[in-house]
Amino acid sequence: MSQMEKKAGLLRRTSSSKKPLKEKVVLMYDEIFAKEDPAKKNPRFWDELFLMKVNLEYLESKLESVDGEEVQRIQDNINSLFHHCVQALGEEHQIKVVNALQTLCALFRGVHQKNKSASGFDIINMLMGFDKAEQRMKDLMERLDSLLCGDGSESLKSLCLKLLLCLVTVTDNISQNTILEYVMINSIFEAILQILSDVSSRGQHGYDAVVLLALLVNYRKYESVNPYIVKLSIVDDEPTLDGMGMVVHQALTEYNRQYKDKEEEHQGGFFSTLTSMVGNMFIADADEKLSVQTNEAILLALYEAVHLNRNFITVLAQSHPEIDIAATPTIPSPTTPTTPLGTTPPSLDNLMVEFIVTHMMKDFPMDLYLRCVQIIHKLLCYQKKCRIRLQYTWRELWSEPIFSVCFSALATFLFELNLFNMFITYGDTFLPTSNSYDELYYEIVRMHQVFDNLYCMVLRVSTNTGQWKEAASKVTHALVNVRAIINHFNPKIESYAAVNHISQLSEEQVLEVVRSNYDTLTLKLQDGLDQFERYSEQPKEAAFFKELVRSISLNVRKNVSLNTLSQDVLLKEFSTIS
């Protein structure tokens with residue numbers, strides 16, 4: 001059967017001389033799209049309809065083909081179809097429930113697809129009648145909630161979540177989906193939490209539940225009180241939070257696995273490597289990225305959980321033994337390196353240093369780099385306040401490859417220098433050892449050329465009139481202690497080399513000079529280094545999240561499918577339910 005015949009619901013006759021027959025369900029759909037009430041001729045019409053296997057494609061295409069005048073003519077029948085779908089969700093006959101769920105999906109998608117420019121109120125009126133909409137949606141949400149929380153078929157629960165995802169994503173901008181007002185009033189938040197807290201349900205439906213929650217949280221989040229935001233912010237049930245954390249963890253682990261597989265596939269053998277090396281000379285990094293689609297929905301769910309719920313952060317710091325992941329080798333605690341920086345690669349035991357090191361591309365994501373610096377700064381402020389000494393090899397953060405990057409954009413200078421000044425001024429309160437403090441000075445002296453070049457540039461800018469004059473002056477001020485360290489230790493290092501007739505000092509020899517000359521170093525106390533701007537999503541990040549949610553909505557709508565389960569599979573499953 002061709003695709004067109006399938007869509008039209010046609011069945012071939014054995015004789016080629018006769019026209020193909022239409023499926024019975026298609027004939028029943030045609031009756032719904034006629035003017036008369038189909039139940040007048042056949043009182044059992046609706047009972048029989050939901051025993052028929054749904055033809056999603058035909059029903060959706062039929063809805064999309066209806067013009068303005070026809071809408072008025074058949075609206076009562078569409079309203080009746082919606083009403084009977086909701087009623088069928090309460091049936092004991094599970095096949096009827098499945099068919100009702102699939103039919104509702106076709107209704108939501110078909111009506112929205114046809115009426116993209118229509119107001120939300122018009123769409124509500126066409127689907128269920130505006131005067132009855134509140135009761136219809138209340139009944140629908142209550143029955144979906146019962147199916148999700150009950151002990152029934154897992155396939156039905158899956159279809160319920162798919163229907164809800166379908167409903168939420170029928171519009172590109174979910175905040176323009178007026179039907180979701182009823183989903184706000186008739187909350188299914190508790191049903192989602194129940195899925196996440198139960199090991200069995202979470203394994204089968206956790207992903208859809210988390211994506212659904214992330215989308216619902218973003219419905220008109222800046223315009224009105226969203227009950228899903230309020231409820232998510234006060235969840236303190238540990239099994240539920242752990243469940244959500246495990247779903248996110250597993251999804252991102254799978255994404256990383258796919259990326260690694262793609263990377264290994266991309267690397268190939270010697271000739272592939274040689275080709276890549278030659279290609280790198282001519283092709284921008286932006287064109288070389290591996291094509292693994294980012295799991296935006298799960299990342300949004302992770303963000304919302306951390307941003308809204310103060311209890312969720314503890315989940316990120318816990319191990320989850322029930323997650324079936326291959327054991328990874330134990331990484332020893334970082335120690336002070338014994339070789340000069342530049343000969344030993346970073347251990348990458350910091351979620352920020354690793355990002356910076358692995359994204360040193362031609363088209364460097366400076367905005368993301370700046371966020372990394374801000375995160376590190378907040379961490380240092382917290383360490384200073386609580387006097388916590390992390391056992392971390394901080395010199396990886398001070399390395400030239402990382403900090404040289406900042407000098408390609410004026411906007412990042414001050415943040416970078418404030419990090420250095422935090423270490424210089426308060427490092428004795430949070431650096432793990434005195435050796436770490438020595439290494440800080442060693443790195444500053446070693447990178448003196450970078451700082452000298454920066455000083456010359458900002459000094460030139462600050463003496464001229466222009467939009468960057470004020471910023472350049474602040475950078476000049478922030479360089480005071482760094483330059484004092486360089487100007488203090490460089491002559492002493494040169495003198496040491498001359499007296500001992502050494503052309504090039506080793507790291508240990510430089511450190512010896514540093515340790516023996518602290519007492520004559522004079523630095524200025526700088527105020528406000530441990531102050532930072534608290535994160536606020538609105539208004540700075542609102543546009544970003546609006547576009548992100550739009551992208552997720554489009555992707556979910558494209559991939560959600562209620563037509564994956566055949567009647568045979570469902571019948572087999574239902575026969576095993578006691």
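Since we're looking at a predicted model, the values are computed, not measured.
Heavy atoms from other residues, nucleotides or ligands lying under 6.0 Å from CD of Gln538 number more than 12. Other residues, nucleotides and ligands place more than 12 heavy atoms under 6.0 Å from the NZ atom of Lys231. Under a cut-off of 6.0 angstrom, the local environment of CZ in Arg389 is crowded, with over 12 non-hydrogen atoms contributed by other residues, nucleotides or ligands. More than 12 heavy atoms of other residues, nucleotides or ligands sit less than 6.0 Å from atom CD of Gln374. Counting non-hydrogen atoms of other residues, nucleotides and ligands closer than 6.0 Å to CD of Glu190 gives a total above 12.
Proximity of Phe189 to Leu193: side-chain heavy atoms (C-beta onward) are separated by under 4.5 Å at one or more points. At a threshold of 4.5 Å between non-hydrogen side-chain atoms, the residues Lys157 and Leu147 do not count as touching. In this structure the side chain of Leu302 reaches within 4.5 angstrom of the side chain of Leu316, judged on heavy atoms. Looking at Gln113 and Leu63, their side chains never come closer than 4.5 Å, going by heavy atoms from C-beta outward. Counting only heavy atoms from C-beta outward, the side chains of Ile195 and Gln204 never approach each other to under 4.5 Å. Contact of the Phe82 side chain with the Arg136 side chain is registered, since non-hydrogen atoms from C-beta on lie closer than 4.5 Å. Looking at heavy atoms from C-beta onward, Val235 lies out of side-chain contact with Asn311 at the 4.5 angstrom threshold.
Separating the CD atom in Gln102 from the CG atom in Asn55 is a distance of 10.5 Å, to the nearest 0.5 Å. Once rounded to the nearest 0.5 Å, the distance linking CG of Asn177 with OG1 of Thr169 reads 8.5 Å. Here Ser436 contributes atom OG and Gln391 contributes atom CD; the two are 8.0 Å apart, rounded to the nearest 0.5 Å. In this structure, SG in Cys160 is found 11.5 Å from CG in Leu212, a value given to the nearest 0.5 Å. Here the straight-line distance linking atom CD1 of Ile95 with atom CG of Leu156 works out to 8.5 Å at 0.5 Å rounding. Here the CZ atom belonging to Phe423 is positioned 6.0 Å from the CG atom belonging to Leu431, to the nearest 0.5 angstrom.
At least one donor-acceptor pair under 3.5 Å links the side chain of Asn125 to the backbone N or O of Phe130. Using modelled atom types, no side-chain atom of Glu60 and backbone atom of Ala106 make a donor-acceptor pair closer than 3.5 Å. The backbone N or O of Thr171 lies less than 3.5 Å from a partner atom in the side chain of Ser553, making a donor-acceptor pair. A donor-acceptor distance shorter than 3.5 angstrom exists from the side chain of Asn99 to the backbone of Met52, with no hydrogens or angles considered. Listed for the Asn186 side chain is a donor-acceptor partner under 3.5 Å among the backbone atoms of Tyr182. Without hydrogens or angle criteria, His84 side chain to Ser80 main chain gives a donor-acceptor distance under 3.5 Å. Arg143 contributes a side-chain N or O that, together with a main-chain N or O of Val86, makes up a donor-acceptor pair within less than 3.5 Å. Judged by distance alone, the side chain of Asp198 and the main-chain N or O of Gln194 form no donor-acceptor pair under 3.5 Å.
Ring planes of Tyr58 and Tyr29: parallel class, angle under 30° (limits at 30 and 60°).
When all heavy atoms are compared, the tightest approach of Leu107 to Leu127 is O-CD2, 3.8 Å. Between Val183 and Leu216, the shortest heavy-atom contact is CG1-CD2, 3.9 Å. The two residues Leu213 and Met244 have their closest heavy-atom pair at CD2-CE, 4.1 Å. For the residue pair Ala297 and Ala214, the shortest heavy atom distance occurs at O-CB, 4.3 Å. Scanning both residues, Lys221 and Val217, for their nearest heavy atoms gives CB-O, 3.6 Å. Across Asn218 and Ser175, no two heavy atoms sit closer than the pair O-OG, 3.7 Å.
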Decide side chain to side chain donor-acceptor pair (under 3.5 Å) for Asn555 and Glu296; before the verdict, give the C-alpha distance in whole Å, the side-chain angles of both, and the deciding distance to 0.1 Å. CA-CA 9 Å; Asn555 192 50; Glu296 295 176 327; over 6 Å; no
Passes side-chain contact (heavy atoms from CB on, under 4.5 Å), Val315 versus Val248? Steps please. CA-CA 11 Å; Val315 172; Val248 171; over 6 Å; no
Could you check His112 against Arg557 for side-chain contact (heavy atoms from CB on, under 4.5 Å), going step by step and ending with a plain yes or no? CA-CA 12 Å; His112 277 88; Arg557 184 166 73 231; over 6 Å; no
Steps toward side chain to side chain donor-acceptor pair (under 3.5 Å) verdict (Tyr228, Glu304): CA-CA 11 Å; Tyr228 290 85; Glu304 295 294 0; over 6 Å; no
Passes side-chain contact (heavy atoms from CB on, under 4.5 Å), Leu163 versus Phe108? Steps please. CA-CA 9 Å; Leu163 172 62; Phe108 285 129; 3.9 Å; yes
Test Leu148 against Leu161 for side-chain contact (heavy atoms from CB on, under 4.5 Å), laying out the working first. CA-CA 8 Å; Leu148 289 170; Leu161 288 169; 3.8 Å; yes
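Cation-pi check for Lys546 over Tyr222 is not met; the charged atom does not lie both under 6.0 angstrom from the ring centroid and within 45 degrees of its normal.
In this structure, Tyr535 has its ring center closer than 6.0 angstrom to the ring center of His307.
Side-chain atoms of Glu541 and Tyr303 include no donor-acceptor pair closer than 3.5 Å. Side-chain N/O atoms of Glu254 and Gln250 include no donor and acceptor closer than 3.5 Å.
By the 4.0 Å N-to-carboxylate-O rule, Glu142 lies close enough to Lys138 to be salt-bridged with it. For Asp367 and Arg371, the salt-bridge test fails: no basic side-chain N is under 4.0 Å from an acidic carboxylate O. Under the 4.0 Å criterion applied to side-chain N and carboxylate O atoms, Arg220 and Glu181 are assigned as salt-bridge partners.
Qualifying side-chain hydrogen bond (donor to acceptor under 3.5 Å, both in side chains) partners for Thr178, counting only residues two or more places apart in sequence or in other chains: none. Considering only residues two or more places apart in sequence or on other chains, Lys260 meets the side chain to side chain contact (heavy atoms under 4.5 Å, CB included) condition with Glu264.
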